[in-house]
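What follows is a set of notes on a single structure, which appears directly below.
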Amino acid sequence: RAMHIPDEGIVDPFWLTRAYAEAAIALGSRVRTRARVVGLSVDGDAVTVTLADDDTFRAEQAVDCAGLRADEIAALAGDTSFSITPRKGEFLVSELTGGVDRIVLPIPGPLGKGMLVTPIVFGGVLLGPTAVDGTDKSDRSTTEAGRERILERCRALVPAVDEMAPIRSFAGVRPVSSTGDYLIRPSTAGDR
């Protein structure tokens, strides 16, 4: 069985992120890359952010969207109300599509959507991901066992997977909150 979700779309996450940054700049924002936050204090009027290069800035509001490191950033302000653990997902890439022209995904389970077969905006298909909970937030290794598991699960959705010779494998690591869900709320360190 698989789900059909007519309104689901396919985007290139790298170009989407770049477009968000360009829109922010066009609206007067300044974008800093590779800027490691080492200090964060919240008072009644603002949030003060200190960077590793000793640069500081103040803002009326700050949003912690640090993904795998969100718990570490929150802790800098004194918010230890949650922790983040890593969940690694391995993927395979194939230049051959096997006729797949839309996202094919199984019925979701407790670890998420499961493995899927999806077209890639620049051609080919993406197969996966696995979902392996771990402790190393920087582990992006791939394994032969992961490859075989992806092929087996995706073949159950799309028999043409046998014709898709994967040309590349990679892994990503996504955050899993100790709360069991996304955290969209004010910090326990203050409402700024």
Side-chain angles (χ1 to χ4, degrees), residues 7-91 105 108-116 118 120-121 126 128-143 146 169-192:
D7 294 334
E8 190 163 30
I10 301 165
V11 299
D12 181 323
F14 305 105
W15 282 101
L16 179 63
T17 302
R18 182 178 174 154
Y20 284 149
E22 289 174 352
I25 291 167
L27 292 171
S29 296
R30 185 174 63 144
V31 174
R32 296 276 309 263
T33 60
R34 301 185 189 280
R36 188 168 58 92
V37 176
V38 296
L40 192 63
S41 63
V42 182
D43 61 41
D45 297 326
V47 177
T48 302
V49 179
T50 304
L51 303 178
D53 65 3
D54 290 327
D55 194 8
T56 63
F57 60 90
R58 287 177 57 84
E60 287 183 24
Q61 300 282 325
V63 178
D64 179 354
C65 49
L68 287 167
R69 307 288 179 187
D71 55 344
E72 297 165 27
I73 296 297
L76 291 173
D79 182 345
T80 58
S81 64
F82 68 98
S83 61
I84 298 291
T85 55
R87 179 171 293 153
K88 182 169 69 170
E90 295 182 46
F91 292 89
L105 59 143
L111 290 179
K113 293 186 289 188
M115 292 193 208
L116 54 88
T118 183
I120 304 171
V121 293
L126 188 65
T130 58
V132 178
D133 290 328
T135 57
D136 184 353
K137 293 181 178 182
S138 61
D139 178 14
R140 289 173 177 76
S141 62
T142 59
T143 64
S169 65
F170 67 94
V173 185
R174 57 191 183 274
V176 177
S177 171
S178 59
T179 67
D181 204 351
Y182 296 102
L183 286 170
I184 303 174
R185 60 160 171 80
S187 169
T188 61
D191 65 358
R192 296 207 165 270

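Predicted, not measured: the structure shown is a model, and the values here were computed from it.
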*Determine the minimum heavy-atom distance between S177 and F82, stating which atoms define it.*
OG-CB, 4.4 Å
_Atom CG of D54: over 12 foreign heavy atoms under 6.0 Å_ = no
*Indicate yes or no: does R34 engage D53 in a salt bridge with an N to O separation below 4.0 Å.*
no
*Any chance you could measure M115, atom CE, to L105, atom CG, to the nearest 0.5 Å?*
13.0 Å
_Side-chain heavy atoms of D43 within contact of R58, under 4.5 Å_ = yes
*Between V173 and P86, what is the shortest heavy-atom contact and its length?*
CG1-CB, 3.3 Å
*Looking at P129 and G114, what are the two nearest heavy atoms and their distance?*
CD-O, 4.0 Å
*Between CZ of R32 and CG of D55, what distance do you get to the nearest 0.5 Å?*
5.0 Å
_Looking at every non-hydrogen atom in both residues, tell me the closest pair between G78 and A189 and how far apart they are._
C-CB, 4.5 Å
*asked:* Side chains of T50 and V37, heavy atoms from C-beta outward: is any pair under 4.5 Å?
replied: no
*asked:* Rounded at 0.5 Å granularity, tell me how far OG1 in T56 sits from CG in L40.
replied: 12.0 Å
_Stepwise side-chain hydrogen bond (donor to acceptor under 3.5 Å, both in side chains) test for E90 and S169_ = CA-CA 7 Å; E90 295 182 46; S169 65; over 6 Å; no
*Considering all heavy atoms of both residues, which atom of T142 and which atom of A171 are nearest to each other, and what is their separation?*
CG2-N, 3.9 Å
*asked:* When you measure from the side chain of D64 to the backbone of A66, do you find a donor-acceptor pair of N or O atoms at a distance under 3.5 Å?
replied: yes
*Intermediate values then yes/no, side-chain hydrogen bond (donor to acceptor under 3.5 Å, both in side chains), R185 and T179*: CA-CA 12 Å; R185 60 160 171 80; T179 67; over 6 Å; no
*Is a side-chain N or O of R192 found less than 3.5 angstrom from the main chain of G44, in a donor-acceptor match?*
yes
*Are T85 and D133 close enough that some pair of their side-chain heavy atoms sits under 4.5 Å apart?*
no
*Less than 4.5 Å apart, any side-chain heavy atom of S41 and any of V47?*
no
*Kindly determine whether F91 and T118 satisfy side-chain contact (heavy atoms from CB on, under 4.5 Å), including the steps that lead there.*
CA-CA 11 Å; F91 292 89; T118 183; over 6 Å; no
*To the nearest 0.5 angstrom, please state how far the OG1 atom of T188 sits from the CG atom of D79.*
3.0 Å
*Can you establish whether the number of heavy atoms outside Q61 located under 6.0 Å from its atom CD is more than 12?*
yes
*Any side-chain donor paired with an acceptor under 3.5 Å for S83 and D71?*
no
*Polar contact flag, side-chain donor to acceptor under 3.5 angstrom, S141-D139*: yes
*Under 4.5 Å between any side-chain heavy atoms of Y20 and V31, yes or no?*
no
*Would you name the heavy atoms of G190 and V42 that are closest together and state the gap between them?*
CA-CG1, 4.1 Å
*Taking the side chain as every heavy atom from C-beta outward, state whether K88 and T130 have any atom pair closer than 4.5 Å.*
no
*To the nearest 0.5 Å, what is the distance between CG (L183) and OG (S178)?*
7.0 Å
